[in-house]
Each structure stands twice: as structure tokens, then as C-alpha cells.
Amino acid sequence: MAPTLSGLRNQVGNPDLKWETTRQWDLGIDLAFFDGSLKLNFDYFDRQTSDMLVQVPLPTTLGLPNNPWINAGSVSNRGVELTIGYDGIAGKEFNYHINGNISTYRNKVKSLGSGANIPGKDIHLGYYTYTMIEPGMPIGYFYGFKTDGVFQTQEEIDHYIHNGQVVMPGAKPGDLKFIDLNEDGKLDDEDRTLIGNPHPDFTFGLTVGGEYKGFDFSLFFQGSIGNDILNIIKYDIYFGTGWYNAPKDILTTYWNGAGSTNKNFAIDADSCMNLEMSEWYVEDGSYVRLKNIQLGYTIPRQITRKFSLNTLRIYVAAQNLFTITGYSGLDPEIGEVNNNPLYTGVDMGFYPQARTYMFGLNMKF
């Protein structure tokens, strides 16, 4: 009797698994000036993680249904955070508050135990590897081909020669030009490299608020600078086959003849290798967002006590009111996907954070 699917073993366990080990030390400084009106906080941290839980790729000849989890490798995270706050008074009745913070960190994989790199390719793009964990590099960096514009003419293709041979013999005018990094005359895994880093140069937040004659307001901004986003939803919407949705500018921003553009390839589902994983998918993910804004008014006590109320405050608020960014996707605020560091900063078309408007009452009896 043939075995059923339910009887097949589809996971390999590891009875020797244990918790990851983390060692961290911090250096912090807290300062206050002008009777506490001005506050500064500085923090430096150094976190070293060992016995990291990873799925190290094993040879397929072993016949295992999956790469089992093991404790292997180590990661280093070092960073600083600076916070500054000031509470001030302007005139007799206007109080204001300004608080800001900025932080930065550097992430590096120190070891993976067996030494085998760990590719990320199990989500959305199938066999394409598009992220990588590698010793000496930031965790989950974007991995693929570098590009050098778009071929404008057949002559450019014919003259793209390394080691005595045409590098991209199957290309056509309008195709992306992929860089042959080792100049051996062909494109292969040796030409794939770091094409983007999902970890920001720094993140920041800013809160501004104040009170005046019963009125109060607050604004909270947050942002990220220097991080890249892998916009792999472009694989579908710029595929050009006709059975996927497409952006409204696809006919005006893509190559349609020599000199038309040196950025976006021609719409051609049978093109050479335009949709291979490359820096064409990588965009600057920097942004500034007004995360929250609120305006309120507290009714005077002489009025509220007539209704047996100690406090009555009316307010209006909005969340995610606007975002300043050059990113072309739906939302630059992505973070990790499924809590997996392999997919940090990978945009798979997630629904954007909603813009929300609120009205409310705060009452105390």
C-alpha cells in the first residue's frame, strides 16, 4: 500500500537546540540643566549574540525535507541613542514641550558556525535569492545583480564584451544592463553581490506640545534615514504580461525607444533577464511621518462643576496624517516580515497604515 501524504515526514527536528546567548553592556549618561527644564540622555550599547538560531542550508543529497534549526553563529549589534527634552514657558500662560531622540546602530554577522551563507528566497519570488546572511555583512542584506542603465541600441549590446565574449548575447534594446563584476564575460552567481542594506543610518522621533488657556496640542513625528527597501511587488506590477495589475505610469516612464529613459526597461514579458533580482528593485526607504497630531480643549472648572464633573476635555486627533518619502511603494514603514531578519525591509505589497481621524471626550467625575 502506497504511503499517504499525511504519513510522510516533512520536518526534521533537533533535540540539541538551546536558547540563544546574549551578552550586553550599556553606558548611559543622564544630565539636567536649568532646574530640570533641559534634559539630555545618552546611551551606548554593545550586544553580542551567540548560539544564534538559524537554518543553515544542507546538501540536498542528504534527502532531508527541510533545513533543521541549529544553534550556530554569532551577531554583533552596537549603537547609540541620544534624547533631548525641553520644557519652557512663553509669556505667562503658554507652556511648551519639545522632546527629540535619534538613534543609530551597526549590525554585523560575525559567524555562521558551518560557514555556509543563508539565502532568503522562500517568500514571493520562489527560486530567486534576494536576501543573504553572510559573515562580515549586515544581517539580511539585499543580494542580486548591479545594473548600469538600459541598453539603448543593439550596438551597445554587441560592444558589451569581457574576456573576449559578449556578456549578454540574448539582450535586446530596452533591456537592463547587468554588470559583469568579475569581467569573465558571463553573468552568474559570482556577479551577485550586496545591492542594498535594510538597516537605517539612523532613526528619529520628535514630539512637540503645548498648553494655553485650556487649549492643548501635540504632534509626534517619526522617521528613518538611510535604509533601503526591496520593493519586490514590482515583480508583478511591472511584469508586462497583461494578467497582473500595473501602475498608471507604466506606458510613459518605461523605455520605448533610444534615449527615452536609462532607468526602466521596456515592457516585454519575453525580455532577457530584466526581472532577475537586481538593484532595480531597491529603493531609498527614508521617510518622515506625522504619526500623531492632537488638539484639545479643557472646559473651565466653573462650567463643568455645574454638571458634577471635575474635568471635561474635548479633542480631535489624526494618525498617519502625512508621510514625506521618495519611496514608490504603498508604505515605507515596513520593518521585519514574520519576525524573520532575513526579510527585513522587504516590501511584498503590505496594506499601508491607515490614516485615522478621531474625536473624543475625556471626563472625570
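- Ionic pairing of R192 and E276 is present here: one or more N-O contacts between side-chain nitrogen and carboxylate oxygen are shorter than 4.0 angstrom.
- Ring geometry, Y160 versus F151: the interplanar angle falls from 30° to 60°, so the pair is classed tilted.
- Checking each of N256, N262, N264 against S260 for a side chain to side chain donor-acceptor pair (under 3.5 Å) leaves exactly one that passes, namely N256.
- No salt bridge links D46 with R106; every basic N to acidic carboxylate O contact stays at or beyond 4.0 Å.
- Under the 30°/60° scheme for interplanar angles, the aromatic rings of Y105 and H199 are found to stand perpendicular.
- Between the side chains of Q294 and N292, not a single donor N or O lies within less than 3.5 Å of an accepting N or O.
- A salt bridge is defined here as a Lys NZ or Arg NE, NH1 or NH2 lying under 4.0 Å from an Asp or Glu carboxylate O, and K186 with D180 fails to meet this definition.
- Ring planes of Y96 and Y86: tilted class, angle from 30 to 60°.
- Taking the six-membered ring where the residue is Trp, Y130 and Y343 present tilted rings, their angle falling between 30° and 60°.
- In terms of heavy-atom proximity, L176 sits nearest to S278 at CD1-OG, 4.4 Å.
- Around the CH2 atom of W19, the shell of radius 6.0 Å holds no more than 12 heavy atoms that belong to other residues, nucleotides or ligands.
- By the criterion of side-chain heavy atoms lying less than 4.5 angstrom apart, applied directly or through intervening Ile, Leu, Val, Met, Phe, Trp or Tyr residues, M132 is not grouped with V346; the two fall into different hydrophobic clusters.
- Relative orientation of the Y297 and F215 rings is tilted, given thresholds of 30° and 60° on the angle between their planes.
- In terms of heavy atoms, D228 sits closest to F142 at O-CE1, 3.6 Å.
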